[in-house]
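Below: one structure, written as C-alpha cells.
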Amino acid sequence: MVRFKNRYVLCEVVSDDPRCRQCIEDRAVGLAVRDAIARVHGDYGLACCSISFTVKYLNAYTGTVLLRCRKNSYRLLCSALPFVRHLESRAQRYPCALNTLHVGGTIRTCQKFLIQYNRRQLLMLLQNCTNEEERQCIQKSLLSCSLTEEPSQSGDEEDDDGTE
C-alpha cells in the first residue's frame, strides 16, 4: 500500500473587521481558497489541489487556519493564498486576506511553530506597552489563562491520623 504524503499550511486570517473572524466557518475558507486556486491556476491547478485538500483546523477567535494538501501540489496552494480577498459567510462578504505563517509535514510541527509564533507576538505586545498599568494588565491576563488543578471540594477525604 502506498502512503500519500501531505503538507500542512498554517495561515492567519487578517482583517480590519473584527466580525470577520467570529463569523468564518471552515466551509467558507475552503470555498474561498478553491476559488482563488481556480482563478490563479485554472482547472489544472484546481484538480491538483482538490485531491486531498481539506481545512483541518480553524480557530475563529485567533484567526488561525490549518490547510492540508498533497505534497506535490502545496506550492500551487501557497501561491494562490494571497489572492483570497474575502470570505463569504451567512450571505455576507467580509474582506480579509490569508497570511501564510508556516508549511510543515505534520500537524505537530505546525502546532510547535504556532506556539513559538504566539510567544513572539506576546513579547512584542508587552514591549509595545506605553505604561506600567497596561503591562501589568497584560501579564495578569496571561497568568490567569494557565491551567491549575483545583483542590477537591468533596467531603470524602480522610484524616492522616486515622481518627474520624
Side-chain angles (χ1 to χ4, degrees), residues 1-130 134 137-139 141-142 144-147:
M1 185 166 209
V2 178
R3 179 176 159 247
F4 295 108
K5 295 188 177 183
N6 295 313
R7 288 290 176 255
Y8 296 90
V9 181
L10 184 65
C11 301
E12 176 182 35
V13 177
V14 180
S15 175
D16 294 333
D17 189 8
R19 294 177 297 159
C20 174
R21 285 186 180 174
Q22 294 163 354
C23 295
I24 59 174
E25 300 170 345
D26 55 349
R27 184 172 175 264
V29 173
L31 289 174
V33 171
R34 282 190 179 100
D35 183 47
I37 293 170
R39 279 186 284 131
V40 174
H41 299 292
D43 290 337
Y44 173 75
L46 184 61
C48 288
C49 291
S50 292
I51 293 173
S52 79
F53 174 77
T54 56
V55 178
K56 294 299 282 183
Y57 175 73
L58 171 70
N59 190 337
Y61 295 106
T62 60
T64 306
V65 180
L66 186 65
L67 306 171
R68 182 188 76 183
C69 68
R70 287 273 174 94
K71 181 182 177 182
N72 56 2
S73 63
Y74 81 93
R75 287 187 185 96
L76 293 173
L77 174 67
C78 290
S79 65
L81 287 177
F83 294 97
V84 174
R85 293 290 172 214
H86 62 273
L87 294 175
E88 290 187 31
S89 179
R90 299 180 186 126
Q92 290 189 353
R93 277 187 152 176
Y94 298 103
C96 67
L98 289 178
N99 182 20
T100 303
L101 299 176
H102 180 71
V103 178
T106 62
I107 294 176
R108 186 173 180 168
T109 59
C110 292
Q111 287 174 336
K112 287 180 181 180
F113 174 82
L114 187 59
I115 290 169
Q116 294 298 320
Y117 176 76
N118 286 336
R119 284 183 183 164
R120 286 192 304 265
Q121 295 289 56
L122 288 173
L123 286 175
M124 286 178 19
L125 183 65
L126 281 173
Q127 290 172 353
N128 292 336
C129 290
T130 56
E134 281 184 4
C137 183
I138 291 172
Q139 287 176 346
S141 65
L142 287 174
S144 69
C145 294
S146 65
L147 296 175

Nearest 0.5 Å please: distance from the [atom1] atom of [X] over to the [atom2] atom of [Y].
| X | Y | atom1 | atom2 | answer |
| --- | --- | --- | --- | --- |
| L126 | Q121 | CG | CD | 12.0 Å |
| N72 | R7 | CG | CZ | 10.0 Å |
| F4 | I51 | CZ | CD1 | 8.5 Å |
| L46 | R34 | CG | CZ | 7.5 Å |
| L76 | Y44 | CG | OH | 7.0 Å |
| L66 | D26 | CG | CG | 12.0 Å |

Could you tell me which non-hydrogen atom of [X] sits nearest to which non-hydrogen atom of [Y], and how far apart they are?
| X | Y | result |
| --- | --- | --- |
| R39 | F83 | NH2-O, 3.2 Å |
| S79 | H41 | OG-NE2, 2.7 Å |
| P95 | S15 | O-OG, 3.1 Å |
| R70 | N6 | CA-OD1, 4.0 Å |
| L67 | C11 | CD1-SG, 4.2 Å |
| C48 | S73 | O-OG, 3.5 Å |

- Query: With side chains defined as the heavy atoms from C-beta onward, is the minimum distance between V13 and L98 less than 4.5 Å?
  - Reply: yes
- Message: side-chain contact (heavy atoms from CB on, under 4.5 Å) for I115 and R119? Distances and angles first, verdict last.
- Response: CA-CA 6 Å; I115 290 169; R119 284 183 183 164; 4.0 Å; yes
- Is there a donor-acceptor pair closer than 3.5 Å between any side-chain N or O of R27 and the backbone N or O of I24? no
- Message: Could you check whether any side-chain N or O of R68 sits under 3.5 Å from a backbone N or O of S52, counting only pairs where one atom can act as donor and the other as acceptor?
- Response: yes
- Would N118 and L114 satisfy side-chain contact (heavy atoms from CB on, under 4.5 Å), going step by step from the backbone distance to the final call? CA-CA 6 Å; N118 286 336; L114 187 59; 3.9 Å; yes
- Task: May I have the step-by-step check of side-chain contact (heavy atoms from CB on, under 4.5 Å) for L10 and V103, ending in yes or no?
- Result: CA-CA 6 Å; L10 184 65; V103 178; over 6 Å; no
- Do other residues, nucleotides or ligands put more than 12 heavy atoms under 6.0 Å from the CZ atom of R120? yes
- Item | Among L77, V65, L101, V33, the one residue meeting side chain to side chain contact (heavy atoms under 4.5 Å, CB included) with V9 | L77
- Evaluate the side-chain contact (heavy atoms from CB on, under 4.5 Å) criterion for residues H102 and Y117: first the C-alpha distance (whole Å), next the side-chain angles of each, then the deciding distance (0.1 Å), finally the verdict. CA-CA 10 Å; H102 180 71; Y117 176 76; over 6 Å; no
